[in-house]
Structures are given as structure tokens and as C-alpha cells.
Amino acid sequence: MIEHFANTHNLPKYKIDQFNNQYYKQAIPSFDKLSTWSKELRELLKQEVEFSTLTHIKDNHSSDGKTIKTEFKTKDGFDIEAVLMQYSDGRNSVCVSCMSGCPVGCSFCATGKMGFHRNLTYREIVDQILHFQRMLVPKGRRVTNLVYMGMGEPMLNLTNIEKSIDIVNNMDKLSIGIRHVTISTVGYVPQLKEFFSKGYIPRLAISLHAPNQKLRASIMSTISKLYPLEQLMEFATWYEDTYNKRITYEYTLIKGINDQPEHAIELSQLLYKRLAFVNLIKFNTYKDIDYEASSNNTVDRFRKVLENRGINTTTRRSMGSDIGGACGQLHPTNSSNT
Ligand code: SF4
């Protein structure tokens, strides 16, 4: 956006550099603080460019203070949410949304229950990150990691995902290395191939949640009909062969549905000898979804079956579940601890 303004007003490159430094790196709270520009130029900028495309509604803080879920509205009134997770090792990871709602409708996901409103623009995606950057920079910190795991399916909003990564990854702008960016998808195979073929190589997480097509179709019917599990795993093979990189498989454990030892055995067979890492997630409850979370014992048993069969596995700590900010919980009515 600054490039368009600079072109229109014939600004020299150093003016863009000054802007980028203050807007993205110093994370100034308004264009009035763009101290490297003259007051006249700042006023012109304010008239022609929006400081943020999002209206901030509220921040919800988890009881341990490490997770903040922020609710925004787009200028045309749609709800979106993003989450900041602050880790003790110094990482500050932001989970961004790429849609308001989601058309895919996975049965365990609160966002899916919203229906689909619209795709977000690249600026609306970047403005979620900048909100947290503005919180962190005054404390001498910054956003270090980014996960496209919030509301919506990234592969259905590819152009805006790519444009946002261009800003995120740009050394003059947010300067977050591509190795610190993760794209999570339920598996839109053609779009995935298109995306990776263009040279974008962030980390890849596949929302798997079932070890076979039949079970996957029963809890993720939309994507399973379009791109059955076999096709998804063919893509995984192509990805491993092409990039020699590991894929993270997200697996939400739902009581009595996909959490039994036989499911773990089948999952280990599906991922045997693959460059795979399994991320087990305890189902996070939501009022409109009938599923229940598996017990800790069941989660441990599932993990041990996988590990005994040589599959690298971790159980994800669900940060922010008390504020409706954990995986599968993003929905504007879901903020219990505000
Ligand atoms: S899990 Fe992802 S793709 Fe499925 S409904 Fe939720 S946001 Fe959409």
C-alpha cells in the first residue's frame, strides 16, 4: 500500500524505507508518530491510506497471561479473531485468520459453525499481525513466528495469503523468516501444488484428524469428498520428495470418535517411513458442538502407540482454551474469560 502512495506522489525510495521502518519494525501506533516524515506528508498519507483496515474490538487475556485473543471487525462489519501466544523461550507466535468464518465446515470446528462471510484481504491479514507487533515492540519484543491457523482455509484465499507472506517475509517490513511461518490446511491439493510451485516454502501442517478416508469423511465431509485421503497423501509424497521437508499432521482427539488404539495403529501405518510429525490436540469444547474431549489417559495411550511405532509425536499444549482462543475454538461468541 505504501508503494502505491509513493508512486502517486513520486516519493524517493528512502521515504519508503523510513515508512517501513517505523510502520512495521517500530510498530508506531498512528501515522502521527511517523516522525521521519514532514507533517504535510503525514497529513496527505492520513487522507489517502488507512492506518489499519480493522477495527479493534477487544483483547481477551488467558488466566496465565501468555495468550491474548483479539477480536476485530472488518470495515464492512465482519468478525475475525487472531491469537498471540507468548512462549517462555522468547517466541511470540501469532495465529492469523484468513477468512471471516469458513465454508469448509469441519464438524469439530467452532469457526466452521459460523458459516462463510468472506475472504480477508492481504492487508486485513497483515493488520492482525501488526496489532500484536504494536503490543510487543514497546516491551522490547516482536512477533517472531506466524501460523496461518486461525479462521478459514488458507488455500481458498491463496492470492491474499501470498501477498501477506510477501510482507511478512520482507526484510524491510515484518522480517519474519519463512522457516518461522506455518501454513495449515485441510488439504486442497491443486492449490497446495500451485502455492508451493511458486516458491513459497513455509512449514506445512495438514489438518488430518482421522487415519482413514471413511472416518475422515464422517468428520470432515467437504474436503474428504473433494480430495480423498489417498490424493492428499500422494501430495504429501510429492512434497517430501521435492523439498525433503517434514510435514506436521494435526490430529484432534475426539472422545469415542478417533481416539482409540486401533486409530493410532492405522495412523502409524499411514505415516510409516514418511517425513512426518504428529501433533495431537485435545478437542477443545464449544457449546454448539456435541463432541467431547478425550481423557488425558486416552491421549497418552494414543501418543505411546504412535511413538512405539516410530512416529514422532507431540501433544500440543492448548494455549488460550479458557478464552476460546485454542485450536478449533475461534468464534466471536466464544470468549469465556475476558
Ligand atoms: S478446521 Fe479449518 S477448514 Fe475446517 S472449518 Fe475450521 S477453519 Fe475451516
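One-based numbering, in listed order, for ligands and for the atoms of each. The first residue of the sequence shown is numbered 1, and numbering continues consecutively from there. Just so we're clear, the structure is a prediction, and the values are computed from it rather than from any experiment.
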| field | Any Tyr251 side-chain heavy atom under 4.5 Å of Leu306 side chain | value |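 With C-beta onward as the side chain, the pair stays apart.
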| request: Report, as yes or no, whether the 6.0 Å neighbourhood of atom CD on Glu262 holds more than 12 heavy atoms from other residues, nucleotides or ligands. | output: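 Above 12, so yes.
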| said: At a cut-off of 2.8 Å, what protein N/O/S atoms sit near atom 6 (Fe) of ligand 1? | reply: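 Correct list: Cys109 SG.
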| task | On the 0 to 90° scale, with breaks at 30° and 60°, tag the His117-Phe78 ring pair as parallel, tilted or perpendicular. | result |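 It falls in the parallel class, under 30°.
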| query | Parallel, tilted or perpendicular for Tyr227 and Tyr188, by the 30°/60° rule? | reply | perpendicular
| Passing candidate, side chain to side chain contact (heavy atoms under 4.5 Å, CB included) with Val168, options Ile129, Ile178, Val94 |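 Looking at Ile129, Ile178, Val94, the match for Val168 under the side chain to side chain contact (heavy atoms under 4.5 Å, CB included) is Ile129.
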| message | For the residue pair Arg91 / Asn145, report whether a side-chain donor-acceptor contact shorter than 3.5 Å exists. | response |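 Short answer, no.
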